[in-house]
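Read through the structure below, which is laid out as structure tokens, and then see the notes.
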2 protein chains.
Amino acid sequence: MSTEHPQEDAIDVLQQLGLKEYEAKCFVGLARVSTGTAKQLSEITDVPRTRIYDAIRVLEAQGLVEIQHTSPQQFRAVPLAEATETLRSQYENRIERLTNALEQAEKIESDDKGSVQEVWAMSGKKAIENRTFNLLDDADSEIVLVLGDDSLLTDKLVARLNARTDDVDVLIGAATSPLQTKIRELIPDATTFVSGLEWLRDESAPSDSLAIGRLLLVDRSTILVSTLIPESGEENAIFGGGFQNGLIVISRRLLSQGLLASKDPN
Amino acid sequence: MSTEHPQEDAIDVLQQLGLKEYEAKCFVGLARVSTGTAKQLSEITDVPRTRIYDAIRVLEAQGLVEIQHTSPQQFRAVPLAEATETLRSQYENRIERLTNALEQAEKIESDDKGSVQEVWAMSGKKAIENRTFNLLDDADSEIVLVLGDDSLLTDKLVARLNARTDDVDVLIGAATSPLQTKIRELIPDATTFVSGLEWLRDESAPSDSLAIGRLLLVDRSTILVSTLIPESGEENAIFGGGFQNGLIVISRRLLSQGLLASKDPN
DNA sequence: CACTAATTCACTCAGTTAATCACAAAAACC
DNA sequence: GGTTTTTGTGATTAACTGAGTGAATTAGTG
């Protein structure tokens with residue numbers, strides 16, 4: 001994706017990274033001309049001539065652009081590798097400051113009568129994958145994972161799963177049998193199966209058109225279920241723990257009836 | 001620095017990372033209470049209660065907060081490690097998209113009658129350091145570097161310099177003799193000296209109070225000179241190339257008169 | 001010196017965000 | 001059941017920021 005209008009893409013990303021529209025346009029423009037004056041830049045970026053200077057100044061202050069103080073001034077972009085390196089350090093620095101500040105911020109004791117029935121919702125592919133990793137790492141005895149889509153079987157996920165196969169029982173289900181084959185290749189030490197949960201697919205709400213994403217049950221006491229929005233690729237999940245938890249009870253029942261896969265059939 | 005008001009710092013950084021004020025405040029608030037309702041959050045963050053919900057929703061969509069859909073709703077922050085990991089992937093993803101897009105964006109040929117007298121200005125400690133690295137890596141025969149301040153002698157810089165000592169002649173000057181000692185320890189294979197450029201210090205404009213930062217001359221044909229603003233720690237540099245370049249001519253003259261340090265005195 | 005290009009500065013307009021309010025729905029209380 | 005409080009949503013206003021424009025200043029050029 002995003003190969004249609006390279007410059008617009010670049011402008012978007014730069015804005016997401018905190019640049020203003022004019023700044024982003026100027027940088028992208030400069031990335032294409034090796035060197036240029038305000039006039040030239042204004043022509044290729046359609047940023048008003050008179051505001052090129054402001055934009056360039058802030059780019060310069062961020063270490064993304066160099067200025068030749070002649071008349072007319074010449075501008076040029078720092079080489080791409082240097083620019084991304086600069087942006088990277090800026091980012092690392094922010095994360096570090098954030099971590100420090102948050103660790104120092106004093107915690108408030110809250111009379112936290114956390115019910116055992118807690119069910120939490122979260123979204124974002126990355127965030128859900130991270131949570132999945134944490135759950136996998138914390139598993140004590142058993143991991144049951146069902147994947148509804150190839151796209152979820154990332155390299156990192158494979159690695160984490162393989163890291164646990166000697167420790168705990170790893171059962172992995174797939175929505176389709178091609179996917180099962182793939183899983184069997186990548187994670188040879190896991191027990192694999194085809195989900196037996198076809199009812200999860202295309203059933204409930206045809207209008208919303210949701211697809212099952214992952215279903216993870218760890219130690220039969222913590223569960224994470226996610227759905228995928230086919231168009232956008234976004235992922236939403238719910239997540240719960242505790243033996244009393246209704247979700248978990250259901251999952252355990254499914255498991256005991258062989259609809260998922262049982263660790264030991266006899 | 002920045003240890004006085006941890007929560008404000010965290011809020012600032014989060015805003016720099018793209019969150020709105022309310023979103024940042026909510027996240028920091030949640031980072032302190034393990035779990036909370038809209039009311040509680042509004043009390044500790046002084047975000048208007050009725051706006052908590054919006055803020056939390058966008059945090060949730062970014063994978064930074066979890067929601068328990070009870071009544072009243074409960075919110076909690078994703079563990080800090082997961083949060084930063086999520087932010088990191090977001091950043092990596094952006095950099096990658098940026099790189100792709102910029103590489104695809106077609107270049108424009110510009111009748112680039114680049115004068116040999118070019119002198120470029122750039123700012124930002126990181127950007128200047130990166131440029132320094134590149135120059136060091138590209139050196140063919142000789143590196144002359146004078147450092148005006150300890151803070152510039154970073155680990156990375158030491159590593160890069162050491163990497164070139166067998167390849168090319170490396171001459172390193174220091175503003176003070178303690179600094180020289182330090183350099184001699186860290187980069188044993190380089191020739192070191194005390195700058196002999198005392199006139200660079202505290203001389204020109206006492207009001208602006210600038211300090212010399214680095215002075216780098218590579219292959220006697222490319223030069224980078226930087227100044228430090230003592231209070232803010234910011235660094236500004238000029239940078240030029242070409243044998244005809246006035247700056248370079250001056251530097252070569254200084255060198256030949258022994259004011260810097262000459263590779264071969266006879 | 002006159003004229004053009006380059007640069008800066010001040011200002012308008014529009015979109016976004018912060019902040020407040022009014023209201024409906026749900027829980028808690030009596 | 002009826003009343004009061006809490007919770008959540010939506011609309012509205014005010015403040016701010018950024019995009020866009022033009023006038024005023026400065027620097028080059030013939």
Side-chain angles (χ1 to χ4, degrees), chain A residues 7-8 11-30 33 35-62 65-76 110-111 113 115 117 120-121, chain B residues 7-8 11-12 14-30 33 35-62 65-76 110-111 113 115 117 119-121:
Chain A
Q7 32 259 42
E8 275 103 29
I11 292 169
D12 282 352
V13 176
L14 285 168
Q15 288 191 262
Q16 289 169 15
L17 287 168
L19 297 189
K20 306 303 172 200
E21 180 181 333
Y22 285 170
E23 295 157 16
K25 283 183 175 174
C26 282
F27 184 78
V28 174
L30 277 181
V33 287
T35 185
T37 65
K39 190 178 179 189
Q40 296 173 288
L41 253 191
S42 144
E43 280 157 8
I44 59 176
T45 60
D46 57 54
V47 170
R49 236 188 322 276
T50 64
R51 318 262 358 246
I52 296 276
Y53 304 98
D54 308 66
I56 293 286
R57 259 194 288 276
V58 348
L59 288 173
E60 200 263 358
Q62 303 211 10
V65 159
E66 293 163 47
I67 301 180
Q68 192 176 8
H69 288 287
T70 50
S71 181
Q73 293 179 297
Q74 293 273 117
F75 311 119
R76 78 176 177 197
S110 56
D111 25 311
K113 47 186 186 299
S115 122
Q117 284 274 12
W120 295 89
Chain B
Q7 31 259 44
E8 274 100 17
I11 293 170
D12 283 352
L14 285 169
Q15 287 191 263
Q16 288 170 14
L17 287 168
L19 297 191
K20 306 305 173 199
E21 181 183 334
Y22 285 171
E23 295 157 16
K25 283 183 175 175
C26 282
F27 184 79
V28 175
L30 277 181
V33 287
T35 186
T37 66
K39 191 181 178 188
Q40 297 174 289
L41 254 191
S42 144
E43 279 156 8
I44 59 175
T45 60
D46 56 53
V47 171
R49 187 187 59 83
T50 62
R51 306 274 80 215
I52 296 276
Y53 303 98
D54 308 66
I56 293 286
R57 259 194 287 276
V58 348
L59 288 173
E60 200 264 357
Q62 303 211 13
V65 159
E66 294 164 45
I67 301 179
Q68 192 176 8
H69 289 285
T70 50
S71 178
Q73 293 180 305
Q74 293 273 115
F75 311 119
R76 77 177 179 198
S110 56
D111 24 312
K113 48 186 184 303
S115 123
Q117 284 275 14
V119 177
W120 296 90

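Just so it is clear, the model here is predicted, and its values are computed rather than measured. In what follows, chains are A, B, ... by sequence order, proteins preceding strands, each numbered from 1. Values below: all heavy atoms of this structure, side chains included; hydrogens, waters and symmetry mates excluded.
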Exercise for review: Taking A:Q73 for its side chain and A:T70 for its backbone only, find out whether a donor-acceptor pair lies under 3.5 Å.
Suggested key: no

Exercise for review: Report yes if a side-chain nitrogen or oxygen of A:Y22 is closer than 4.0 Å to either non-bridging phosphate oxygen (OP1 or OP2) of D:dG20; otherwise report no.
Suggested key: yes

Check your understanding: Are side-chain heavy atoms of B:L30 and B:I56 found at a separation under 4.5 Å?
Key -> yes

Exercise for review: Answer yes or no: is there a donor N or O on one side and an acceptor on the other, between the side chain of B:Q40 and the main chain of B:T37, under 3.5 Å?
Suggested key: yes

Point to revise | Stretch residues 45-61 of chain B: residues that reach within less than 4.0 Å of DNA chain C through a heavy atom | key: B:P48, B:T50, B:R51

**Study point:** Nucleotide D:dG28, atom P - distance to NZ of A:K39 in whole Å
**Key:** 17 Å

Point to revise | Gap between atoms NZ and C1', on B:K25 and C:dT17 respectively (whole Å) | key: 12 Å

Review point. Between CZ of B:F27 and CG of B:L19, what distance do you get to the nearest 0.5 Å?
Key: 8.5 Å

Practice item. Let me know the distance between CG of B:L41 and P of D:dG8, rounded to the nearest Å. Key: 11 Å

Point to revise | Between C1' of C:dT16 and CD of B:E21, the distance in whole Å | key: 13 Å

Exercise for review: Mind calculating the distance between NE2 (A:H69) and C1' (C:dT8) to the nearest angstrom?
Suggested key: 15 Å

Show each protein N/O and nucleotides 25-30 of chain C N/O combination with a separation under 3.5 Å, one pair to a line.
none

Point to revise | For the student: nearest non-hydrogen atoms of B:D54 and B:T50, plus distance | key: OD1-O, 3.6 Å

Practice item. Quick one: pull up SG in B:C26 and CD in B:E21 and give me the separation to the nearest 0.5 Å. Key: 10.5 Å

Atom pairs under 3.5 Å, N or O on each side, protein against nucleotides 14-17 of chain D: can you list them with distances?
none

**Study point:** Distance (rounded to the nearest 0.5 Å) between B:F75 CZ and B:E66 CD
**Key:** 12.5 Å

Exercise for review: For the pair B:S42 (side chain) and B:A38 (backbone), establish whether a donor and an acceptor sit closer than 3.5 Å, ignoring hydrogens and angles.
Suggested key: no

Check your understanding: How long is the span from the NZ atom in B:K25 to the CD1 atom in B:I52, to the nearest 0.5 Å?
Key -> 10.0 Å

**Study point:** Between D:dT6 (P) and B:E43 (CD): distance, integer Å
**Key:** 11 Å

Review point. Do A:W120 and B:Q74 come close enough that some side-chain heavy atom pair is under 4.5 Å?
Key: yes

**Study point:** Whole-Å gap separating P (C:dG15) and CD (A:Q15)
**Key:** 15 Å

**Study point:** Polar side-chain atom of A:E23 near backbone of A:K20 as donor-acceptor pair, under 3.5 Å
**Key:** yes

Exercise for review: Could you state the atom-to-atom distance from CD1 of A:I11 to P of D:dA19 in whole Å?
Suggested key: 12 Å

